[in-house]
Undergrad: 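Got a structure for you, written out below as structure tokens; questions coming shortly.
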Amino acid sequence: MMKNIGLIIELDNGKIKETNFGMITLAREKDTELFAVVMDADAASVKEDLESFGITKIVEVCLPKDRQSNPVVRAKAIIKVIKTYNICAIFGLSTAMGKDLLPRIAALLEAPLVMDCYAVDLEQNLVKTSQYSGKTIATIKITGDVLVFGVRPNAVEPVKAQASARIWILKLDETSLVSKGFRVIKTSEVDESTNINLAEADVIIAGGRGMKNGDNFTLLSKCAEKLTAAVGASRVAVDSGWVPYSMQVGQTGEKVSPLVYIACGISGSIQHFAGMKTSGMVIAINTDKNSAIMSNCDYYVKADALEIIPELTKLLEND
Amino acid sequence: MQLYICVKHVPDSAANITIVEKNRIDENLTFLLNPYDEHAVTEAVRIKDNLPGSEIIAVCLGKDDAEKTLRSALAMGADRGLLIASDKNHDSIETAQALKAAIEQDGNPGLIFTGKESIDAEGMQTMFRIGALFDFPVATNVVRLDIESGRAVVDSALSGGTANTYELSFPCVIGAGRGLNTPRYPTFPDVVKSKKKPVKKIAFPDLKIEPSTAGMNIVELEPLLQSRDPKEITGDAGEIAETIMRILKDEAKVI
Ligand SMILES: Cc1cc2nc3c(=O)[nH]c(=O)nc-3n(C[C@H](O)[C@H](O)[C@H](O)COP(=O)(O)OP(=O)(O)OC[C@H]3O[C@@H](n4cnc5c(N)ncnc54)[C@H](O)[C@@H]3O)c2cc1C
């Protein structure tokens, strides 16, 4: 039997974020009809991109401007989409936005939810995620009328599959738009042009205690700029006040899966690995060959990161 | 105001995890108070300092051994504890049902705290489920909490150091994030005092929870092994940079 699958599309300045395509690829199984749910743009403007990944239905949800950023209202709107189109599984990204939205949907529906997942089997209702700070992989059997999934950004390689899509517009009545006891006072505007999102970056250059001070992090950001990479940090670098907490990678920081992770002056503690273990390639630059990261990476350089990084930046500048 | 803090007894993050019987871990290791819950307890203590007469109650669903974690919360400043004792592992649907039932039976919550996630199951959802069961507003990953004219004004952190600001009416549920405060670690006298604070034990079945038709069950746990095969890059700084450049271009294809 054909299953209707919903995909909550995350946009950034009206454009579809690349990470959505991996999520769509993950959800695309045989006998599934893929419904993309678009809340922040007109469906027509994103139709072509969505079609190239196999989306056949696009539901444009119209929310009043003043409530567009309210996660309670958004959760209720998604539930309306689920009910209207008989959706049995809904996927979103496990981004900051997803973490504030998907559990609201699951809680209101009393539906099962697995966040940060990277493999899903909709025939057996099995889903894989990491647990115990990245030390184990759990396979979870989920039961429920509607299943909710938060997909780890970048964890699935996007694969194209051309389709053609129809657009539906869903208008919501005022009653579905209340958020009792909850009001948005201010939403942050992220300036994406200068600030590459750590969780979604293809390349991350991270620094730890070996960077020695906060000023040396500018060496990393200069190099990152040339590589269109994001800059990350170990907890020591954060706790020393060199960089803000938002840059921390690890168990109590951001969990990332970039294509390349360059660790500069980071020893590779269990808690740091918890956040970057699933990276594609790991390159470690460290003065101590016995640091844990040196035996758990793809390439290691036994050298001073403060010398290597500026050299790399120079090469990138001349490239 | 009664401030409830839902705390979890979790394996020490530095511990090695051994899998037994396919889907469980060997629990013969050090367990601690979930790090995010430390922020929750610290915040509740701060609120109580400003609202004298408030009471802080730490609630935990866990095995008998989880009393240690409740005692840690008591040492950090909670006034009393509730242990919902169960030998089983529960998914977040049942966990939220149990926490809700125990809190409801115990008192009148003005604020309910959880950590933004537990570092073992990393589910990120219990606070929302508790909120939905009570019909209370919820905010997660809260890094600032102010009480202004009878409402909670919170910053809910996004990535990149940015945050949304929400206003919640009381009672509400707050998932504590790491930026919220610096945990106040107990002194020796705090630990001594905590031993005398009351912990009430409730048997899970006594809460008479109606089983949900929805559920999440771990069927298999596998160690996440890394099969990386480290290769050394050598040379002087310039040569090393060139090799890295070539790897980024030709192998990783990110340039
Ligand atoms: C509950 C809990 C949660 C935690 N969560 C996190 C987390 O989310 N993220 C995290 O990162 N940590 C976390 N930690 C901390 C973790 O245990 C480590 O302390 C931390 O990761 C170490 O950071 P580091 O690698 O920068 O420093 P160190 O371990 O001190 O390593 C510094 C490294 O730099 C190298 N070095 C020195 N100088 C140079 C140089 N000039 N060039 C190159 N290399 C150099 C050294 O050889 C060494 O390997 C957590 C700990 C606990 C208890």
Side-chain angles (χ1 to χ4, degrees), chain A residues 96 99-100 103-104 106-108 110-113 115-116 130-144 181-188 190 195 197-199 202-203 244-246 251-252 259-260 270-271 277 281 283 294-301 303 307-308 311-312 315, chain B residues 11 13-14 17 19 25 35 93 119-125 128-129 131-132 137 140-141 153 156 158-169 172 178-179 212-224 226 228 230-233 237-238 240-242 244-245 247-248 252 254-255:
Chain A
K99 289 173 189 172
D100 200 12
R104 291 183 193 274
L108 289 172
E110 203 174 285
L113 161 69
M115 291 298 284
D116 237 2
S130 61
Q131 289 190 337
Y132 298 98
S133 11
K135 281 175 268 185
T136 66
I137 298 168
T139 305
I140 303 176
K141 171 99 189 169
I142 48 176
T143 15
F182 185 100
R183 204 160 66 85
V184 177
I185 296 191
K186 189 170 75 48
T187 53
S188 81
V190 190
N195 201 348
N197 192 317
L198 200 54
D202 280 339
V203 182
Y245 168 61
S246 57
Q251 172 172 55
T252 47
L259 297 172
V260 181
I270 285 184
Q271 293 96 349
K277 216 171 181 173
M281 176 190 286
I283 303 176
M294 303 289 260
S295 51
N296 204 350
C297 62
D298 300 288
Y299 289 101
Y300 66 93
V301 181
E307 280 175 25
I308 305 296
E311 285 295 326
L312 185 59
L315 290 179
Chain B
S13 60
I17 300 289
I19 294 154
I25 65 158
I93 297 177
I119 62 164
D120 53 356
E122 302 175 17
M124 314 178 198
Q125 50 193 274
F128 291 105
R129 296 195 189 275
T140 195
N141 204 4
V153 177
S156 168
L158 303 167
S159 47
T162 59
N164 288 334
T165 306
Y166 301 140
E167 182 190 80
L168 286 73
S169 61
C172 58
R178 186 155 104 85
S212 173
T213 53
M216 294 161 267
N217 290 304
I218 298 172
V219 289
E220 190 176 1
L221 277 178
E222 302 156 74
L224 177 44
Q226 217 92 43
R228 296 191 196 271
K231 288 186 265 309
E232 185 168 13
I233 302 172
I240 289 171
E242 268 175 39
I244 294 177
M245 192 66 182
I247 291 167
L248 294 177
V254 291
I255 305 181

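Excluded from the calculations below are hydrogen atoms, water molecules and symmetry mates; all remaining heavy atoms, backbone and side chain alike, are included. Letters go in sequence order (proteins before strands), and every chain restarts at 1.
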Undergrad: What part of Ala199(A) gets within 4.5 angstrom of chain B, counting heavy atoms only: side chain, backbone, both, or neither?
TA: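 The answer is neither part of Ala199(A).
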Undergrad: Chain A heavy atoms under 4.5 Å from Ser13(B): which part of the residue, side chain, backbone, both or neither?
TA: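 Both parts, heavy atoms under 4.5 Å.
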Undergrad: Would you mind reporting whether Pro35(B) and Ile119(B) have side-chain heavy atoms less than 4.5 Å apart?
TA: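 Result yes, sub-4.5 Å side-chain heavy-atom pair found.
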Undergrad: Under 4.5 Å heavy-atom distance to chain B, tell me which part of Val260(A) shows up: side chain, backbone, both or neither.
TA: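 For Val260(A), the contact with chain B is made by the side chain alone.
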Undergrad: Is Gln271(A) in contact with chain B via its backbone, its side chain, both, or neither, using a 4.5 Å heavy-atom distance?
TA: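 Contact with chain B: side chain only.
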Undergrad: Which atoms form the tightest heavy-atom contact between Gly215(B) and Pro112(A), and what is the distance?
TA: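 Taking every non-hydrogen atom into account, O-CB, 3.6 Å.
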Undergrad: Please classify the contact between Ala163(B) and chain A as side chain, backbone, both or neither, with a heavy-atom cut-off of under 4.5 Å.
TA: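 Answer is backbone: N, CA, C or O of Ala163(B) sit under 4.5 Å from chain A.
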Undergrad: Does any non-hydrogen side-chain atom of Glu167(B) lie less than 4.5 Å from one of Phe182(A)?
TA: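 When only atoms from C-beta onward are counted, Glu167(B) and Phe182(A) do not touch, as no gap falls below 4.5 Å.
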Undergrad: Sequence neighbours left out, what passes side-chain hydrogen bond (donor to acceptor under 3.5 Å, both in side chains) with Asp202(A)? Give chain and number order.
TA: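 None.
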Undergrad: Closest approach of Ile308(A) and Ala237(B), non-hydrogen atoms and distance?
TA: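 Ile308(A) and Ala237(B) have their closest heavy atoms at CD1-CA, 3.8 Å.
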Undergrad: Please state whether the side chain, the backbone, both or neither of Leu259(A) comes within less than 4.5 Å of a heavy atom of chain B.
TA: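 Looking at Leu259(A), just its side chain touches chain B.
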Undergrad: If you count heavy-atom pairs under 4.5 Å between each of Val301(A), Asp100(A), Asp298(A) and chain B, which one has the most?
TA: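 It is Asp298(A).
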Undergrad: Would a 4.5 Å heavy-atom cut-off, applied to side chains only, mark Ile137(A) and Leu221(B) as touching?
TA: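 Side-chain contact under 4.5 Å: no.
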Undergrad: Which region of Val184(A), side chain (C-beta onward) or backbone (N, CA, C, O), has a non-hydrogen atom less than 4.5 Å from a non-hydrogen atom of chain B, or is it both or neither?
TA: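 It is both, since atoms from each part get that close.
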Undergrad: Tell me, side chain or backbone of Ile270(A) under 4.5 Å from chain B's heavy atoms, or both, or neither?
TA: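 Interface part for Ile270(A): side chain.
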Undergrad: Please classify the contact of Ile255(B) with chain A as side chain, backbone, both or neither, using a heavy-atom distance under 4.5 Å.
TA: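 Only the side chain of Ile255(B) comes within 4.5 Å of chain A.
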Undergrad: Does any part of the side chain of Tyr132(A), heavy atoms only, come nearer than 4.5 Å to the side chain of Ile25(B), both counted from C-beta?
TA: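 In contact.
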Undergrad: Using a cut-off of under 4.5 Å on heavy-atom pairs, state which of Met294(A), Glu311(A), Lys135(A) scores highest against chain B.
TA: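 Winner by heavy-atom pair count: Lys135(A).
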Undergrad: Report which part of Ile93(B) has an atom under 4.5 Å of a heavy atom belonging to chain A: side chain, backbone, both, or neither.
TA: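 Just the side chain, heavy atoms under 4.5 Å.
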Undergrad: Determine the minimum heavy-atom distance between Leu113(A) and Met216(B), stating which atoms define it.
TA: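 For Leu113(A) and Met216(B), the tightest heavy-atom pair comes out as O-SD, 3.2 Å.
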Undergrad: Measure across Ile140(A) and Gln131(A) and return the closest heavy-atom pair with its distance rounded to 0.1 Å.
TA: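 Minimum heavy-atom contact is CD1-NE2, 4.1 Å.
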Undergrad: Between Gly131(B), Ala132(B), Gly123(B), Cys172(B), which has the largest tally of heavy atom pairs under 4.5 Å with chain A?
TA: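 It is Ala132(B).
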Undergrad: Considering only heavy atoms and a distance below 4.5 Å, find which of Val254(B), Ile247(B), Thr140(B) pairs most often with chain A.
TA: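 Of Val254(B), Ile247(B), Thr140(B), Ile247(B) has the most heavy-atom pairs under 4.5 Å with chain A.
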Undergrad: Select, from Met115(A), Arg104(A), Glu307(A), Met281(A), the one with the greatest count of heavy-atom pairs under 4.5 Å involving chain B.
TA: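 The option with the most such pairs is Arg104(A).
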Undergrad: Find out whether Lys99(A) and Asn141(B) are in side-chain contact, i.e. whether some heavy atom of one side chain is under 4.5 Å from a heavy atom of the other.
TA: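 Lys99(A) vs Asn141(B): side chains apart.
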